[in-house]
Amino acid sequence: MSTPHNAAASGDIAKTVLMPGDPLRAKFIAETYLENPVQFNTVRNMFGYTGTYKGKKISVMGSGMGMASIGIYSYELYKFYEVENIIRIGSAGAYTDTLKLFDLVLADSAWSESTFAKAQADVDGDIQTPSAELNAEIEAAAARVNKPLTKARIHSSDVFYHEDNVDGHREFFEKHGCVCVEMESFALFHNAKILNKRAACLLTISDSLVTHAETTAQERQTSFHDMMLVALETAVAL
């Protein structure tokens with residue numbers, strides 16, 4: 001079957017999907033790490049691929065930017081393609097100077113101002129949580145390949161550009177305990193919960209709102225090897 005946003009047929013997609021925001025990062029992962037990758041989606045240039053890694057069938061697909069976008073793609077993967085696990089692998093901006101460029105952050109919760117959960121399923125609250133079991137698998141995989149993680153609350157924001165009259169990174173860190181910011185995981189965690197699936201979010205620090213250090217667009221697309229390796233090693237174990 002296909003959906004309005006995904007041309008894949010039944011069986012084309014693995015039970016575990018790695019989901020970067022950037023479809024070009026999905027292409028890079030497939031071509032760099034997967035054996036015999038086959039592209040299953042090009043609709044709206046949201047590329048998706050299935051191949052094997054160490055003999056395990058794994059898929060990788062872009063989500064686009066923001067909760068509305070990952071909300072659509074993750075829901076369809078869970079609901080219509082029988083995907084069980086989605087591991088978001090993305091970039092994040094640091095809210096604390098203890099996080100440096102290329103550090104890995106594993107979300108133990110996502111705080112957001114978003115109304116996604118309320119609009120989608122009349123669910124109240126500003127915090128969504130990942131699968132504890134999937135997080136444990138990620139931590140174990142990171143330990144096996146000797147990649148340190150910071151496990152903490154993240155900020156899932158609906159807004160990339162904030163005006164000066166609203167809270168900024170200092171307030172998000174001080175009031176809500178968020179160590180970094182991205183734009184998708186609150187919706188992903190919500191979808192997994194209502195559909196009885198599993199979701200996690202593994203991030204690489206790409207810039208800092210504190211020190212103003214930043215990576216290039218090319219580095220964000222191709223140089224997050226540690227995050228990709230941990231996610232792939234996790235998928236093999238599932």
Distance from Phe47 atom CZ to Asn41 atom CG, nearest 0.5 Å?
9.0 Å
Would you tell me whether Asp97 and Thr211 have side-chain atoms, one donor and one acceptor, within less than 3.5 Å of each other?
no
Salt bridge (charged side-chain N to carboxylate O under 4.0 Å, His left out) pairs, two or more places apart, involving residues 86-95
Arg88-Glu182, Arg88-Glu184
Can you check whether Ser63's main-chain N or O pairs, donor with acceptor, with Ser69's side chain at less than 3.5 Å?
yes
Note: Ser59 and Thr50 closest approach over all heavy atoms is OG-OG1, 2.6 Å
Carboxylate-amine/guanidinium proximity below 4.0 Å for Glu84 and Arg198:
no
Compute the centroid of each ring, for Tyr33 and then for His225, and state whether the two points are separated by less than 6.0 Å.
yes
Below 4.5 Å, heavy atoms only, C-beta onward: do His155 and Phe186 meet side chain to side chain?
no
Hey, would you say the His162 and Phe172 ring centroids sit under 6.0 Å apart?
yes
Does the side chain of Val43 reach to within under 4.5 Å of the side chain of Thr3, using non-hydrogen atoms?
no
Assess, by modelled atom type and distance only, whether the side chains of Thr52 and Glu35 contain a donor and an acceptor separated by less than 3.5 Å.
yes
Taking the side chain as every heavy atom from C-beta outward, state whether Met227 and Lys147 have any atom pair closer than 4.5 Å.
no
Enumerate the ring-ring contact (aromatic ring centres under 6.0 Å, His included) contacts for residues 59-91, please, sequence neighbours excluded, ordered by first and then second residue.
none
Quick check: do Thr32 and Met228 have side-chain heavy atoms less than 4.5 Å from each other?
no
With a 4.5 Å limit on heavy-atom distance, are the side chains of Gln128 and Ser112 in contact?
no
Considering all heavy atoms of both residues, which atom of Ala235 and which atom of Lys56 are nearest to each other, and what is their separation?
O-CE, 3.5 Å
Flag the pair Thr204 / Ser91 as yes when at least one side-chain heavy-atom distance between them is below 4.5 Å, and no otherwise.
no
Residues Lys27, Glu31: salt bridge by 4.0 Å N-O rule
yes
Drop me the distance from Ser74's OG to Ile86's CD1, to the nearest 0.5 angstrom.
5.0 Å
Could you tell me whether the side chains of Thr129 and Lys193 share a donor-acceptor contact shorter than 3.5 Å?
yes
Ignoring hydrogens and angles, tell me if any N or O in the side chain of Lys197 forms a donor-acceptor pair with the backbone of Val83 under 3.5 Å.
yes
Please confirm whether the backbone N or O of Ala213 pairs with a side-chain atom of Ser208, one donor and one acceptor, at under 3.5 Å?
no
Note, Glu233 side chain near Lys54 side chain (heavy atom, < 4.5 Å)
yes
